[in-house]
Amino acid sequence: MADILAENLSGKAVMGSDGTELGMLYNITMNLKSGALADLLVEQTEETNQIDLDFPTDDHGRYRIPVGRVQAVKDYIVIDR
């Protein structure tokens with residue numbers, strides 16, 4: 001996958017590989033010691049509030065999606081579901 005600046009990802013739509021829209025990217029967490037990316041924090045939309053997605057959430061209700069599940073980053077961030 002090509003390098004992409006984090007500022008270009010902010011607010012990007014996140015979609016499952018099955019075409020389900022999961023929400024909008026809020027932030028990305030990382031391990032400060034190693035610099036490894038950890039999770040995408042994805043804000044739910046009105047549509048995703050009605051769908052049962054199998055991802056843990058943080059204290060603010062944002063999905064925590066491991067970066068290892070990212071399949072592609074183009075118009076959307078595509079997540080393996």
Side-chain angles (χ1 to χ4, degrees):
M1 192 179 322
D3 291 343
I4 298 174
L5 295 175
E7 67 186 37
N8 295 336
L9 295 176
S10 180
K12 191 171 280 281
V14 179
M15 179 179 286
S17 57
D18 60 357
T20 303
E21 191 162 332
L22 306 178
M24 301 296 282
L25 181 65
Y26 176 76
N27 210 342
I28 302 172
T29 63
M30 67 182 286
N31 180 313
L32 293 176
K33 291 184 181 182
S34 70
L37 299 179
D39 296 314
L40 302 180
L41 295 179
V42 178
E43 288 186 320
Q44 298 182 39
T45 63
E46 289 182 26
E47 293 83 22
T48 56
N49 282 336
Q50 300 171 9
I51 300 171
D52 184 29
L53 297 176
D54 194 24
F55 294 112
T57 56
D58 68 4
D59 296 338
H60 300 283
R62 297 181 196 108
Y63 295 119
R64 298 183 64 90
I65 302 173
V67 294
R69 304 279 296 266
V70 174
Q71 288 186 332
V73 179
K74 300 220 182 212
D75 294 334
Y76 292 91
I77 298 172
V78 180
I79 303 297
D80 179 33
R81 282 200 50 189

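Quick note: numbers below take in every heavy atom, side chains included, and nothing from hydrogens, waters or symmetry partners. Numbers here are sequence positions counted from 1.
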**OP:** Please answer whether the main-chain N or O of G61 pairs with a side-chain N or O of Q44 as donor and acceptor at a distance below 3.5 Å.
**Re:** yes
Original post:
Between atom NZ of K12 and atom CG of D75, what is the distance when rounded to the nearest 0.5 Å?
Top reply: 6.5 Å
Subject >> Side-chain donor or acceptor of N31 paired with backbone N/O of K33 under 3.5 Å >> reply: yes
Subject >> Nearest non-hydrogen partners of S17 and R81, listed with the distance >> reply: OG-N, 3.3 Å
Original post:
Just how far is it from atom CD1 of I65 to atom CG of D54, taken to the nearest 0.5 Å?
Top reply: 11.0 Å
Subject >> Hydrophobic cluster identity match, M30 and L41, side-chain contacts under 4.5 Å >> reply: no
Original post:
Any chain of hydrophobic side-chain contacts (each under 4.5 Å) joining V67 to V73?
Top reply: yes
**OP:** Kindly compute the distance separating CE (M24) from CD1 (I77), expressed to the nearest 0.5 Å.
**Re:** 9.0 Å
Subject >> From T29 atom OG1 to L37 atom CG, the distance as rounded to the nearest 0.5 Å >> reply: 8.0 Å
Original post:
What is the distance from atom CD1 of I79 to atom CZ of R69, rounded to the nearest 0.5 Å?
Top reply: 8.0 Å
**OP:** Could you pull out the closest heavy-atom pair between R64 and D39, with the gap in Å?
**Re:** NH2-OD2, 2.9 Å
Original post:
When hydrophobic residues are tied together by side-chain contacts of less than 4.5 Å, even through go-betweens, does V70 share a cluster with M15?
Top reply: no
Original post:
Is the shortest heavy-atom distance from the side chain of F55 to the side chain of L22 under 4.5 Å?
Top reply: yes
Original post:
So does D18 have more than 12 non-hydrogen atoms from other groups sitting under 6.0 Å from CG?
Top reply: yes
**OP:** Enter the distance from N27:CG to R62:CZ here, rounded to the nearest 0.5 Å.
**Re:** 8.0 Å
